[in-house]
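Input: a single structure, listed below in structure tokens.
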Amino acid sequence: MLNKNPAWRYVLVIGMLLLALVYALPNLYPEDPALNISATRGGAVAEQTRSQLEQSFRAANIAAKSVVLEEGQIRARFNSTEDQLQAREIANQQLGANFITALNLAPATPDWLSAIGATPMNLGLDLRGGVHFLLAVDMKAALDKNLNDLVQTFRADLREDKIRYRTVQADIDHSQVQITFRSTEDSVAAEAALRKRDRELVFTTGSDNLTLLVGLSEIRLKEIREYALEQNITIIRNRVNEIGVAEPLVQRQGADRIVVQLPGVQDTAQAKEILGATASLEFRLVDTDGDLAAALEGRVPPNSELYYSRDGRPVLLEKRIMLTGDHITGASSGYDEYSRPQVNIKLDAKGGTLLSASTKDTIGRRMASVFIEYKPGTETGADGNPVLIKQQEVINDATIQARLGRDFVITGIDSPAEAQNLATLLRAGALIAPIQIIEERTIGPSLGKENIELGITAIQWGMAAVLLFMALYYKAFGMVANVALVANLVLLVGMMSLIPGATLTLPGMAGIVLTVGMAVDANVLIFERIREELLEGRSVQQAIHHGYDRAFATIADSNITTLLVALVLFGIGTGPVKGFAVTLAIGILTSIFTAVVGTRLLVNLIWGGRRVQSLPI
């Protein structure tokens, strides 16, 4: 019999609508102004800190919705942005420089929805407010660092092959390493040995035949630049995640640029401090032969440098760098056999080889871990950007018990919290090359809220106009189309909430308004086709059946071409253009489903398979 559908189709469609409705529900709960407070290297977040902070808020008559300790961070929620800003001032005064206090917006999704993974749509900066940075990676610094690493590698390789050399030093100006020898035979042997180890090096012999100049091939230079960019992106993501920013955007732009968008964050100074800090880690031997007292008076040995530990203790270290933090692939905190805290370190293959060669003859000596960080200062340079201030400290020094390789441990740590902080620091990694903020924009939450209200108003008026037109022009069939239109909006919002990485922007809201208008196009084609079938004298059941079947080809053609345009916009567009393309593409798919499948089920349920003399169309 025509126009009769099996029960499983109704169950499937209703199930899809209910699923979309459940995952669209979190968007009905507005986000709370919040503070995310996390520890820096000098401290740890404890329950006592959370309790003291909550009492301080209460004493200042700030009504906090909640102040909880989650995943090593304090998350405080408030009723208004005024309370949020006042609470930040109190937190900064009470906690000091050992903690990072970031303004944020926290989702207020009920627990039962969060338990099934239902979250609200990700909102772009134009709707949520936040900060936008465009960062430039200093590729020259990345190249210089690679040359310094080559110096250490060449020294280790030549010693291993028992080839005598006079000096190995980096010629930064010419982007090459210069090696000098005592004899031509040593120079020839060194070139053969080094060329065998790495075929992407370019060798040139000096005029005296005692100097070997080693440069990098174009392939290697490209790899260094790509590695510096990708690693910096990964490390910046880790830094942003550490302060608990919800749905940050960190992506590449061009050959040496990184775009960072932090929705909900309004403290640009704090964000710039987190992103702009250039950190590195070095492992050096402690100079036990040098006179520490003389070094404190200014007479530092020529092959050593004076450093200070976190607690202000002076430490004399050798200038030679055994290993840098670039080779660390993993770090975790734990305990030794005496239940003392330690950090377990994993290195890549190259790092393991370098450390093994460096510690072969240094068993019993102390090795120090030096943390070096460049932070933006208060003064600005000629380019208008803050001058970077170098800060360095010894975070640990311990005795080398055996020859080290790809896996080793750092001991002598004061507390488990310090071990966990150090492991987190090492996992986050050091920036491969310094970055410079060349563009920044801030969008306030009030402007984002106004954009949301205007967008919702546009969607409401657009839907009202379409619903009224369809009800008046197509009567009962128009009401069926209206039900499908509402279902289409629920499906659209549910899918936007489900898809990871999908972000709603202001142009995206324009895409939803466009989808509302386009969603009824398919219904108009179907209904007009049914009218034509009735005018040609077909029965009601035949008209419904042929109307849907014959209109489908036209509907598919028109929507597929629009979908292709949306995919092109998504592929080549950036930012707001992508947001528009996402909502347009999803809206096309949901409108086809609701118009072709949804309305047909409703029409068949009401008029299908029965003796009907006419249709209210």
Side-chain angles (χ1 to χ4, degrees), residues 1-25 459-460 462-496 512 514-536 538-559 586-617:
M1 185 179 292
L2 287 177
N3 305 322
K4 293 291 286 185
N5 295 110
W8 66 267
R9 286 190 182 177
Y10 292 101
V11 173
L12 179 62
V13 172
I14 292 173
M16 291 181 63
L17 287 175
L18 289 177
L19 182 65
L21 179 62
V22 168
Y23 281 90
L25 282 178
I459 293 173
Q460 290 174 341
M463 280 204 67
V466 172
L467 293 174
L468 182 61
F469 170 81
M470 294 299 290
L472 293 177
Y473 192 76
Y474 289 108
K475 301 179 183 178
F477 269 67
M479 296 304 296
V480 170
N482 289 343
V483 171
L485 184 59
V486 174
N488 176 47
L489 190 60
V490 172
L491 282 170
L492 175 57
V493 174
M495 288 187 67
M496 286 286 292
I512 294 178
L514 180 61
T515 299
V516 168
M518 293 175 56
V520 295
D521 284 353
N523 293 120
V524 170
L525 289 172
I526 292 169
F527 295 163
E528 289 299 324
R529 188 67 190 183
I530 292 175
R531 278 180 169 179
E532 291 177 4
E533 296 292 333
L534 291 173
L535 291 175
E536 290 178 1
R538 296 188 186 276
S539 67
V540 168
Q541 301 303 324
Q542 288 177 331
I544 293 174
H545 179 74
H546 291 302
Y548 273 96
D549 284 354
R550 293 175 180 177
F552 179 75
T554 305
I555 295 170
D557 288 344
S558 61
N559 283 281
I586 295 175
I588 289 170
L589 296 175
T590 56
S591 63
I592 292 176
F593 175 78
T594 53
V596 176
V597 179
T599 61
R600 189 166 192 171
L601 287 178
L602 276 176
V603 169
N604 288 346
L605 181 65
I606 300 172
W607 294 284
R610 295 191 292 115
R611 292 182 178 274
V612 181
Q613 299 300 320
S614 62
L615 291 175
I617 188 169

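Computed from a prediction, not measured in an experiment: that's the story for all the values here.
- Between Leu491 and Phe593, the closest heavy-atom pair is CD1-CD2, 3.8 Å.
- With hydrogens and angles ignored, the 3.5 Å screen pairs no side-chain donor or acceptor of Glu528 with any backbone N or O of Gly547.
- To the nearest 0.5 Å, atoms CG (Leu489) and CD1 (Ile512) are separated by 7.0 Å.
- Of all non-hydrogen atoms in Ala471 and Met479, the two that sit nearest each other are CB-SD, 3.7 Å.
- Nearest heavy-atom pair across Ile544 and Asn604 is CG2-OD1, 4.0 Å.
- Rounding to the nearest 0.5 angstrom, the gap separating the CG atom in Asp549 from the CD atom in Glu533 is 10.0 Å.
- Contact annotation: the side chain of Arg550 never approaches that of His545 to less than 4.5 Å [non-hydrogen atoms, C-beta and beyond].
- Contact detail for Tyr548 and Phe527: the closest heavy-atom pair is OH-CE2, 4.3 Å.
- For the atom pair Leu485 CG and Met470 CE, the distance stands at 8.5 Å (nearest 0.5 Å).
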Applying side chain to side chain contact (heavy atoms under 4.5 Å, CB included), run through Phe469 and Val520 and close with a yes or a no.
CA-CA 10 Å; Phe469 170 81; Val520 295; over 6 Å; no
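- Rounded to the nearest 0.5 angstrom, Thr599 OG1 and Asn523 CG are separated by 5.0 Å.
- Put simply, the side chain of Phe477 reaches to within 4.5 Å of the side chain of Ile530, judged on heavy atoms.
- Between Ile592 atom CD1 and Ile555 atom CD1 the span is 8.0 Å, to the nearest 0.5 Å.
- Phe552 CZ to Ile526 CD1: the interatomic distance, rounded to the nearest 0.5 Å, is 9.5 Å.
- Nearest heavy-atom pair, Val540 versus Leu534, reported as atom, atom and distance to 0.1 Å: CA-CD2, 4.2 Å.
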Start with the C-alpha gap between Thr590 and Asn488, add the side-chain angles, then the distance that decides, and say whether side-chain hydrogen bond (donor to acceptor under 3.5 Å, both in side chains) holds.
CA-CA 6 Å; Thr590 56; Asn488 176 47; 2.5 Å; yes
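- For Leu601 against Arg9, the heavy-atom pair with the smallest separation is CD1-O, 4.0 Å.
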